[in-house]
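A quick write-up on the structure given underneath.
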Amino acid sequence: MSPSPPRSNRTSHIFTAITLVVSIACLAWAVHGVSWTELWAEIRELDWRWVAVGAIADLLVYVVQGWRWSLLLLPIAPVSNWSSVGSIFVGLFANEVLPLRAGELIRCCLMARWSKIPISVTLASALIERIFDGVLLIAGLFLSLRYLRHFPLRPGQARAIGIITTGSVFLAILLFVCAALLAVTMYWREQTLDALLDARLFSWAHVFIEDLHRIGHSRFLYFSVAVSVPYLLIQIVPIYAIMQAYGFDGVAWAQAGALMVLLRLGSVVPQAPGNVGLFQVLSTLGLTLFGVPAAMARRFTLILWGVVTLPLLIVGFFALIASGSKMGDIQREAQAEMRARQDSLAKS
């Protein structure tokens, strides 16, 4: 008899299965009642000039993210923009084909391999990026909620807005606490290490504390904060462009911005590869808040998903080929190196 899998593996498999089931249920809801004949007719009538603008802007987003990542890692070692952008596109491809956003670990491992920077440093820098993005998205969420109050809402929609508002307050508090803890570890390394020194449960945190401290004492940290603003704003362009291509009347940048914030926050939740399911649900609900008929919103979300996903799949696939690596090997390498770093710190 073969040995039973470790408990952690079983838990991971169960969690993955539940995530896939929920995502499939969301997708089934999103496509329920869609007229495929009307959808195909709308695809043929798209303004493909706007579609091209949306696809190019979608790729440009991650070029800017690569620039920001290079700035963030500059205190550790010079990193070329091509390396950071290539790592990000490989990670995006992994997110489109693997569940639970495995691409985050894969892109950090590739960056570590190409730049000779320890993977714990690249993971720490990715954590800093998420804090930057979280702060800006929370600000965008509050602005979006204020904007939505100008639209006539049905009772159910008003309750949903109320729930989102309450949730956003809780999320803002949680993000503030995380940012404060991050600042402590970045600027008061010794005190943080002393506090966790005898806590075996938090031994993994020692890896990040050492590296966050190095990044936090560099002026390039503030440059990367500044780059985070255009990085977030450019993400509005693909949505606005596809709205124009589809032919929505009176499209406003504020509407595209509110939808972008909703989709970005939704992408944080573990889900199926390619954000299938939750993407369609959130974009459908967001469009109906603007008065778009539900049937039209369901069709549009499928077009929007295709335009923002296919370019990433294509470019990410070629980036993976150019890297000469396999995603499974990269993932195993990352996990092995993290365990090695933890063991070395535990012995020191």
Side-chain angles (χ1 to χ4, degrees), residues 53-96 98 101-115 117 119 121-140 175 182 212 215 218 220-241 256-257 260-261 263-268 274-275 279 307-320 322-323 330 334:
V53 170
I56 293 171
D58 190 40
L59 296 175
L60 180 61
V61 167
Y62 301 103
V63 174
V64 174
Q65 184 187 3
W67 177 35
R68 180 181 68 172
W69 201 13
S70 297
L71 288 173
L72 201 56
L73 290 170
L74 198 55
I76 309 300
V79 175
S80 70
N81 289 333
W82 287 113
S83 296
S84 57
V85 172
S87 301
I88 287 171
F89 276 116
V90 172
L92 290 169
F93 178 77
N95 285 337
E96 302 299 341
L98 299 176
R101 301 191 65 80
E104 289 296 302
L105 178 62
I106 287 174
R107 67 137 168 155
C108 290
C109 183
L110 263 185
M111 175 61 88
R113 178 192 296 178
W114 289 344
S115 62
I117 295 175
I119 189 173
V121 179
T122 59
L123 286 169
S125 64
L127 174 63
I128 296 172
E129 283 186 312
R130 292 297 165 253
I131 295 294
F132 293 166
D133 296 342
V135 171
L136 291 174
L137 284 173
I138 288 296
L175 184 64
L182 182 67
L212 287 170
I215 295 174
S218 169
F220 293 104
L221 175 70
Y222 306 102
F223 294 160
S224 60
V225 171
V227 176
S228 296
V229 177
Y231 165 66
L232 189 70
L233 293 178
I234 295 173
Q235 295 178 51
I236 302 174
V237 178
I239 298 175
Y240 179 84
M260 181 276 293
V261 170
L263 292 174
R264 276 299 309 273
L265 288 173
S267 67
V268 176
N275 296 335
F279 181 100
V307 174
V308 301
T309 301
L310 289 178
L312 300 184
L313 273 172
I314 295 170
V315 176
F317 175 73
F318 283 108
L320 179 63
S323 72
I330 300 171

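For clarity, every value in this text was computed on a predicted model and none was experimentally measured. Position 1 is the first residue of the sequence; numbering continues from there.
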Q | Closest non-hydrogen atom pair between Val79 and Ser115, with its separation | A | CG2-CB, 4.1 Å
Q | Sequence-distant partners of Trp82, side chain to side chain contact (heavy atoms under 4.5 Å, CB included), two or more places apart | A | Ser80
Q. Which residues pass the side chain to side chain contact (heavy atoms under 4.5 Å, CB included) test with Gln65, sequence neighbours left out?
A. Tyr62, Arg68, Ile88, Arg107, Glu129, Arg130, Tyr231
Q: Given side chain to side chain contact (heavy atoms under 4.5 Å, CB included), test Ile236 with Val261 step by step and report yes or no.
A: CA-CA 9 Å; Ile236 302 174; Val261 170; over 6 Å; no
Q: Please name the residue in the list Ile234, Val237, Ile239 that meets the side-chain contact (heavy atoms from CB on, under 4.5 Å) test with Met260.
A: Ile239
Q. CG/Leu127 to CZ/Phe132 distance, rounded to the nearest 0.5 angstrom?
A. 10.0 Å
**Q.** Partners meeting side chain to side chain contact (heavy atoms under 4.5 Å, CB included) with Ala319 (sequence neighbours left out)
**A.** Phe89, Val90
(Q) For a quick test of reading the model, state the closest non-hydrogen atom pair linking Trp69 to Ser87 and the distance between them. (A) CZ3-CB, 3.9 Å
Q) Do you know which two heavy atoms are closest between Cys108 and Thr122, and how far apart they sit? A) O-OG1, 3.0 Å
Q. If you look at every heavy atom in Ile106 and Ala94, which pair is closest and at what distance?
A. CD1-CB, 3.7 Å
Q. At their closest point, which heavy atom of Ser125 faces which heavy atom of Leu72, and how far apart are they?
A. O-CD2, 3.3 Å
Q. Measuring from Leu320:CG to Leu110:CG, what's the distance to the nearest 0.5 Å?
A. 8.0 Å
(Q) Is there a side-chain contact between Ile131 and Ile128 in this structure, where contact means two heavy atoms from C-beta onward sitting under 4.5 Å apart? (A) no
Q. Mind checking whether Leu71 and Leu221 have side chains closer than 4.5 Å, heavy atoms only?
A. no
Q. Measuring from Asn275:CG to Arg101:CZ, what's the distance to the nearest 0.5 Å?
A. 6.0 Å
Q: Kindly check if the number of other-residue, nucleotide or ligand heavy atoms within 6.0 Å of CH2 (Trp114) is above 12?
A: yes
Q. When rounded to the nearest 0.5 angstrom, what distance separates OG in Ser224 from CG in Leu73?
A. 9.5 Å
Q | Which residues share a ring pair (Phe, Tyr, Trp, His ring centres under 6.0 Å) with Phe223, sequence neighbours left out | A | Phe220
Q) Which distance, rounded to the nearest 0.5 Å, do you find between the CG of Leu137 and the OG of Ser228? A) 10.5 Å
Q: Kindly compute the distance separating CG (Asn95) from CG (Leu92), expressed to the nearest 0.5 Å.
A: 6.0 Å
**Q.** Pro238 backbone acceptor or donor facing Asp58 side chain under 3.5 Å
**A.** no
Q: Could you pull out all residues at least two apart from Arg264 that satisfy salt bridge (charged side-chain N to carboxylate O under 4.0 Å, His left out)?
A: Asp133
Q | Set of residues satisfying side chain to side chain contact (heavy atoms under 4.5 Å, CB included) with respect to Leu313, sequence neighbours excluded | A | Phe93, Glu96, Val97, Thr309, Leu310
Q | Those residues that, when tested against Ser84, pass side chain to side chain donor-acceptor pair (under 3.5 Å) (two or more places apart) | A | Ser70
